[in-house]
Amino acid sequence: MFAAYAARIDRDQPLSGLELGDRPEPEVPAGWTTVRVKAASLNHHDLWSLRGVGLGEEALPMILGCDAAGLDEDGNEVVLHSVVGQSGHGVGPRERPSILTEKYQGTFAERVAVPAWNVLPKPRELSFEEAACLPTAWLTAYRMLFTNAGVRPGDSVLVQGAGGGVATAAVVLGAAAGLRVFVTSREESKRKRALELGAEAAFASGERLPQRVDAVLETVGAATWSHSVKSLKPGGTLVISGATSGPNPPAAELNRIFFLELRVVGSTMGTKDELASLLSFCAAKGVRPVVDSTLPLDRAREGFERMAQGDLFGKVVLTV
């Protein structure tokens with residue numbers, strides 16, 4: 001079957017390890033099933049995998065891709081939950097949870113095998129392309145907002161780095177849930193687009209906000225950390241799920257964190273139940289993922305290049 005896969009690891013030139021071509025049909029252990037992929041979306045996780053983060057040489061070649069929507073073995077329209085082993089289904093009792101492509105072949109292929117437990121019904125209101133955007137970036141944003149930040153309608157939230165997949169999802173979900181959403185970006189075009197998606201106000205990176213907020217969603221890391229901490233109300237919550245600009249900020253702002261009793265919460269992906277809630281929320285409220293571009297699988301390299309350059313707003317979707 002045709003697939004996009006990591007053939008080599010290269011930390012400096014990650015795209016040099018990306019290959020497009022034929023791969024074996026997926027193996028289907030007991031308790032697993034196959035899904036015929038109709039659409040899959042790119043995440044920064046795929047780019048990091050090509051750099052060897054979470055993916056070792058011993059696992060190569062590895063089909064990339066965490067997210068997908070498609071047809072199950074009975075022809076039903078389904079969405080995949082990307083975390084294998086989260087509740088022990090389909091794997092050994094001592095195996096730690098992992099995201100597809102860290103250990104198991106991914107979704108950038110004609111077919112993918114996953115534990116049967118990881119398959120959810122796709123709402124008919126969502127297209128395959130829209131549904132394929134949800135299981136990683138949008139689920140991460142959903143958990144950051146409603147589980148770990150614990151915000152409620154009327155609360156204020158700062159989303160750092162408008163334009164990225166998680167940040168874009170947070171803007172749309174937050175606005176739909178009645179939050180006051182503020183965003184930052186270095187680029188005026190991305191700030192303008194965030195306003196169109198429902199943000200109340202948009203600011204240049206590092207610019208002082210007109211008020212402090214109840215929560216900050218942080219995916220940028222070192223470059224925005226100090227601004228994130230300084231933007232919080234006393235008792236506010238900073239939720240971090242990524243550090244694309246680096247994991248070691250020059251100033252940790254510890255005095256401010258303990259004096260104002262701020263909470264710093266790590267957040268990774270989400271549960272199957274949270275994905276089911278996200279799917280229902282999108283279907284019921286008319287919320288749709290922001291798609292930057294859609295490409296056939298055989299043009300996957302173009303999508304990786306756009307993501308590597310940061311020249312996108314929303315998700316890149318590959319169709320099979």
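In what follows, residues are counted from 1 in the order of the sequence shown. Values reported hereafter were calculated over all heavy atoms of this structure, with side chains retained and with hydrogens, waters and symmetry mates removed. Quantities reported herein were computed from a predicted structural model and do not represent experimental measurements.
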Next on the checklist: Tell me whether His81 contacts the main-chain N or O of Pro135 through its side chain, where contact means a donor paired with an acceptor under 3.5 Å.
Outcome noted: no
Checklist entry - Got Val79 and Leu126 here, is their nearest side-chain heavy-atom distance under 4.5 Å? => result no
Checklist outcome for this item: Rounded to the nearest 0.5 angstrom, the CD-CG distance for Glu207 and Leu209 is 8.0 Å
Item to check | Criterion side chain to side chain contact (heavy atoms under 4.5 Å, CB included) on Asp72 and Thr33, from CA distance to verdict | outcome: CA-CA 8 Å; Asp72 68 11; Thr33 187; 5.6 Å; no
Item to check | Nearest atoms (heavy-atom pairs only) where Cys133 meets Ser41 | outcome: CA-OG, 3.7 Å
Item to check | Shared hydrophobic cluster, Val216 / Phe259 (ILVMFWY, side-chain heavy atoms < 4.5 Å) | outcome: yes
Item to check | Donor-acceptor contact present, side-chain Ser127 to main-chain Glu130, <3.5 Å | outcome: yes
Item to check | Arg186, CZ: over 12 other non-hydrogen atoms inside 6.0 angstrom | outcome: no
Next on the checklist: Side-chain heavy atoms nearer than 4.5 Å, only ILVMFWY residues, links allowed to pass through others: does that put Val220 and Leu232 together?
Outcome noted: no
Checklist entry - How many angstroms lie between CZ in Arg8 and CD in Glu57, if you round to the nearest 0.5 Å? => result 10.0 Å
Next on the checklist: Would you say Asp67 and Thr107 are linked by a side-chain donor-acceptor pair, where the criterion is simply a distance under 3.5 Å?
Outcome noted: no
Next on the checklist: Minimum heavy-atom separation for Val171 and Ala199, please, with both atom names.
Outcome noted: CG1-N, 3.9 Å
Item to check | Between Thr319 and Glu129: side-chain donor-acceptor atoms closer than 3.5 Å | outcome: no
Next on the checklist: Closer than 3.5 angstrom, by distance alone: can the side chain of Asp46 be matched with the main-chain N or O of Gly65 as a donor-acceptor pair?
Outcome noted: yes
Checklist outcome for this item: Rounded to the nearest 0.5 Å, the CD1 atom of Ile240 sits from the CE atom of Met144 at a distance of 8.0 Å
Item to check | Closest non-hydrogen atom pair, Leu50 against Ala6 | outcome: CD2-CB, 3.6 Å
Checklist entry - Side-chain contact, heavy-atom cut-off 4.5 Å: Val213 with Val157? => result no
Item to check | Met62 side chain reached by Ser49 side chain, heavy atoms, under 4.5 Å | outcome: no
Item to check | Approximate separation, where rounding is to 0.5 Å, of Leu47 CG and Leu42 CG | outcome: 9.0 Å
Next on the checklist: Less than 4.5 Å apart, side chain to side chain, heavy atoms only: is that true for Asp214 and Lys233?
Outcome noted: yes
Checklist entry - If we only count heavy atoms from C-beta on, is the Val37 to Met1 side-chain gap below 4.5 Å? => result no
Item to check | Side-chain donor/acceptor of Glu274 to backbone N/O of Ser277, under 3.5 Å | outcome: no
Item to check | Evaluation steps, side chain to side chain contact (heavy atoms under 4.5 Å, CB included), between Ile257 and Leu238 | outcome: CA-CA 10 Å; Ile257 289 172; Leu238 195 164; over 6 Å; no
Item to check | Check: Trp32 and Val84 side chains under 4.5 Å, non-hydrogen atoms | outcome: yes
Next on the checklist: Within this structure, what is the NZ-CG distance for the pair Lys190 and Leu197, rounded to the nearest 0.5 Å?
Outcome noted: 13.0 Å
Checklist entry - What is the minimum heavy-atom distance between Ala222 and Pro250, and which atoms define it? => result O-CD, 4.1 Å
Checklist entry - Sub-3.5 Å donor-acceptor pair from the side chain of Gln160 to the main-chain atoms of Glu218, do we have one? => result no
Next on the checklist: Is it the case that the side chain of Thr184 and the backbone of Phe203 share a donor-acceptor pair, with hydrogens and angles ignored and the cut-off at 3.5 Å?
Outcome noted: no
Next on the checklist: Could you check whether any side-chain N or O of Ser185 sits under 3.5 Å from a backbone N or O of Glu187, counting only pairs where one atom can act as donor and the other as acceptor?
Outcome noted: yes
Next on the checklist: Tell me whether Glu261 at atom CD has more than 12 heavy atoms from other residues, nucleotides or ligands lying less than 6.0 Å away.
Outcome noted: no
Checklist entry - Can any side-chain N or O of Ser245 pair as donor or acceptor with the backbone N or O of Ala223 at less than 3.5 Å? => result yes
Next on the checklist: For Leu318 and Leu297: C-alpha separation, side-chain torsions, deciding distance, then whether side chain to side chain contact (heavy atoms under 4.5 Å, CB included) applies.
Outcome noted: CA-CA 5 Å; Leu318 304 177; Leu297 181 59; 3.9 Å; yes
Checklist outcome for this item: All heavy atoms of Gly85 vs all of Val91, minimum pair found to be CA-CG2, 3.6 Å
Checklist entry - Nearest heavy-atom pair of Gly70 and Phe128: which atoms, and what distance? => result O-CE2, 3.4 Å
Item to check | Side-chain donor or acceptor of Glu73 paired with backbone N/O of Thr34 under 3.5 Å | outcome: yes
Checklist entry - Got Glu253 and Ser228 here, is their nearest side-chain heavy-atom distance under 4.5 Å? => result no
Checklist entry - Have Asn43 and Lys315 got a donor and an acceptor in their side chains that come within less than 3.5 Å? => result yes
Item to check | Under 3.5 Å: donor-acceptor pair, side chain of Ser82, backbone of Cys66 | outcome: yes
Next on the checklist: Taking atom CZ as the centre, does Arg36 end up with more than 12 heavy-atom neighbours from other residues, nucleotides or ligands that are less than 6.0 angstrom away?
Outcome noted: no
Next on the checklist: Checking Arg263 against Thr237: is there a side-chain donor and acceptor pair closer than 3.5 Å?
Outcome noted: yes
Item to check | Heavy atoms of other groups near Gln211 CD, more than 12 under 6.0 Å | outcome: yes
Next on the checklist: With rounding to the nearest 0.5 angstrom, report the CG to CH2 distance, Leu275 to Trp138.
Outcome noted: 13.0 Å
Next on the checklist: Is there a path of hydrophobic side-chain contacts, each under 4.5 Å between heavy atoms of I/L/V/M/F/W/Y residues, joining Leu100 to Met269?
Outcome noted: no
Checklist entry - Linking I/L/V/M/F/W/Y whenever their side-chain heavy atoms sit closer than 4.5 Å, directly or via other members, would Tyr142 and Leu80 fall into one cluster? => result no
Checklist entry - Could you go step by step and tell me if Glu77 and Leu71 meet the side chain to side chain contact (heavy atoms under 4.5 Å, CB included) rule? => result CA-CA 5 Å; Glu77 298 184 353; Leu71 302 174; 3.8 Å; yes
Checklist entry - Do Lys272 and Asn118 have side chains that get closer than 4.5 Å, going by heavy atoms? => result no
Checklist entry - Any link between Leu18 and Phe2 through a network of hydrophobic side chains (Ile, Leu, Val, Met, Phe, Trp, Tyr) touching at under 4.5 Å? => result yes
